[in-house]
Amino acid sequence: MKNTPKYALAIFDMDGTILNTIDDLADSLNVILERYSMPLHTVDQVRFMVGNGIPKLIERAIPNGRNNPKFDEILKEYIAYYEEHSAIKTRPYDGIVEAVKSLRKSGVKIAVNTNKVEEAALDLVAKYFPDCFDIVSGSRPGLPPKPAPDGVYEILKRAGIDGKSQGQKAVFIGDSDVDLQTGINAGLDVIGVDWGFRGKAFLLEHGATEDNIVMKADELVGKIG
């Protein structure tokens with residue numbers, strides 16, 4: 001007799017959780033900053049600028065943030081450039097493709113909720129995770145970025161479940177405090193991953209516990225499936 005999965009739906013963050021996108025994010029940012037003769041940033045600096053959406057990334061990256069008269073112009077140029085250069089150095093994390101396939105095979109629906117522009121997110125999922133994800137919700141006009149739970153609510157509606165009832169439970173998986181808060185704001189269980197942009201120590205400082213952090217992708221199968 002086939003075991004029923006612990007969760008009906010697993011909602012994954014993208015950047016730092018299923019895909020190591022940091023090099024392409026940083027490279028794209030520095031190309032645009034160089035155009036405007038603004039200070040460049042290291043990959044480790046960018047690692048702590050991302051997570052709250054592209055507008056927040058640009059705000060953190062340029063002098064005077066949103067008060068910079070070039071803010072809107074730089075934001076537009078960054079979005080356009082990154083969409084064309086989002087898969088240069090980006091790669092799935094070790095074991096995550098296999099883990100997602102295993103979960104799906106066990107009957108778990110799989111979704112992505114990301115602050116990345118939805119068109120770019122769809123392209124990356126198609127490239128690196130063909131036929132693996134049931135639902136993708138990304139950044140677009142009118143949808144508040146994480147940690148607002150709106151994207152999660154949209155995914156739950158599209159999946160036809162409430163995320164909390166017996167047999168309809170959903171879990172949010174991510175690598176940052178933003179992801180943990182997104183899941184909590186939506187009333188879901190959360191799992192933090194050590195391999196992403198923040199790491200275990202950071203997650204423990206921001207509300208995670210030893211019980212809800214995984215160190216390797218294959219551990220997700222036992223926790224979710």
Side-chain angles (χ1 to χ4, degrees), residues 5-19 21-22 25 47-60 65-66 96 100 103 108-118 120-122 124-125 133-214 219-220 223-225:
K6 298 180 183 71
Y7 294 97
L9 172 67
I11 305 173
F12 287 84
D13 165 56
M14 177 170 277
D15 299 81
T17 301
I18 61 172
L19 288 175
T21 57
I22 194 64
L25 288 165
R47 193 184 305 277
F48 285 90
M49 294 178 182
V50 298
N52 294 90
I54 292 177
K56 182 61 73 172
L57 167 62
I58 301 303
E59 177 184 332
R60 290 165 173 162
R66 288 179 187 263
I96 195 67
V100 167
L103 288 170
V108 180
K109 288 185 177 180
I110 308 293
V112 165
N113 180 210
T114 176
N115 282 336
K116 189 183 295 298
V117 173
E118 188 165 291
L122 287 165
L124 289 169
V125 164
F133 282 85
D134 299 288
I135 304 166
V136 176
S137 176
S139 173
R140 59 187 191 276
L143 186 69
K146 298 184 297 181
D150 301 60
V152 173
Y153 294 152
E154 175 190 66
I155 289 168
L156 293 173
K157 184 176 181 180
R158 289 172 62 184
I161 63 174
D162 62 25
K164 300 167 190 175
S165 303
Q166 184 69 26
Q168 297 190 35
K169 290 191 70 176
V171 60
F172 198 102
I173 306 102
D175 70 304
S176 73
D177 50 323
V178 174
D179 298 316
L180 295 178
Q181 196 58 53
T182 301
I184 291 167
N185 288 346
L188 305 185
D189 291 344
V190 294
I191 295 174
V193 305
D194 171 68
W195 56 79
F197 297 169
R198 302 290 196 269
K200 180 179 178 179
F202 180 93
L203 292 171
L204 288 172
E205 290 172 3
H206 290 80
T209 66
E210 293 280 353
D211 291 338
N212 69 349
I213 295 178
V214 295
E219 295 177 36
L220 290 169
K223 280 192 171 289
I224 298 171

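Numbering starts at 1 and runs along the sequence shown. All figures in this text were calculated on a predicted structure; none of them were measured in a lab.
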Salt bridge (Lys or Arg N to Asp or Glu O under 4.0 Å) against D162, all qualifying residues, sequence neighbours excluded: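 D162: no salt bridge (Lys or Arg N to Asp or Glu O under 4.0 Å) contacts found.
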Is there side-chain contact between [X] and [Y], with at least one heavy-atom pair below 4.5 Å?
X    : Y    : answer
I110 : L103 : yes
N212 : V190 : yes
I96  : L220 : yes
D177 : F202 : yes
L57  : N52  : no
I18  : F133 : yes
K169 : I161 : no
V193 : I213 : no

Where do [X] and [Y] come nearest, in terms of heavy atoms and distance?
X    : Y    : result
R66  : P55  : NH2-CB, 3.4 Å
T17  : W195 : O-NE1, 2.9 Å
V152 : A186 : CG1-CB, 3.6 Å
G151 : N113 : CA-ND2, 3.8 Å

Trace of the side chain to side chain contact (heavy atoms under 4.5 Å, CB included) decision for I11 with V171: CA-CA 6 Å; I11 305 173; V171 60; over 6 Å; no
If I take atom [atom1] from residue [X] and atom [atom2] from residue [Y], how far apart are they, to the nearest 0.5 angstrom?
X    : Y    : atom1 : atom2 : answer
L156 : L188 : CG    : CG    : 6.0 Å
D15  : F197 : CG    : CZ    : 5.0 Å
L124 : K116 : CG    : NZ    : 6.0 Å
D211 : I191 : CG    : CD1   : 11.0 Å

Give a yes or no on whether the backbone of [Y] and the side-chain of [X] come within a donor-acceptor separation of less than 3.5 Å.
X    : Y    : answer
K109 : A159 : yes
R198 : D175 : no
R158 : S137 : no
S176 : D179 : yes

Residue pair L203, L180: steps toward the side chain to side chain contact (heavy atoms under 4.5 Å, CB included) verdict: CA-CA 8 Å; L203 292 171; L180 295 178; 4.0 Å; yes
Electrostatic pair K56-E59, nearest N-O below 4.0 angstrom: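 Yes, K56 and E59 are salt-bridged.
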Salt bridge flag under 4.0 Å for residues K146 and D13: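 Yes, this pair counts.
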Side chain to side chain contact (heavy atoms under 4.5 Å, CB included) evaluation trace for I224 with V108: CA-CA 8 Å; I224 298 171; V108 180; 4.2 Å; yes
Partners meeting side-chain contact (heavy atoms from CB on, under 4.5 Å) with N185 (sequence neighbours left out):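 Scan of N185 (side-chain contact (heavy atoms from CB on, under 4.5 Å), adjacent residues dropped) gives P147, P149, Q181.
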Stepwise side chain to side chain contact (heavy atoms under 4.5 Å, CB included) test for F172 and D189: CA-CA 6 Å; F172 198 102; D189 291 344; over 6 Å; no
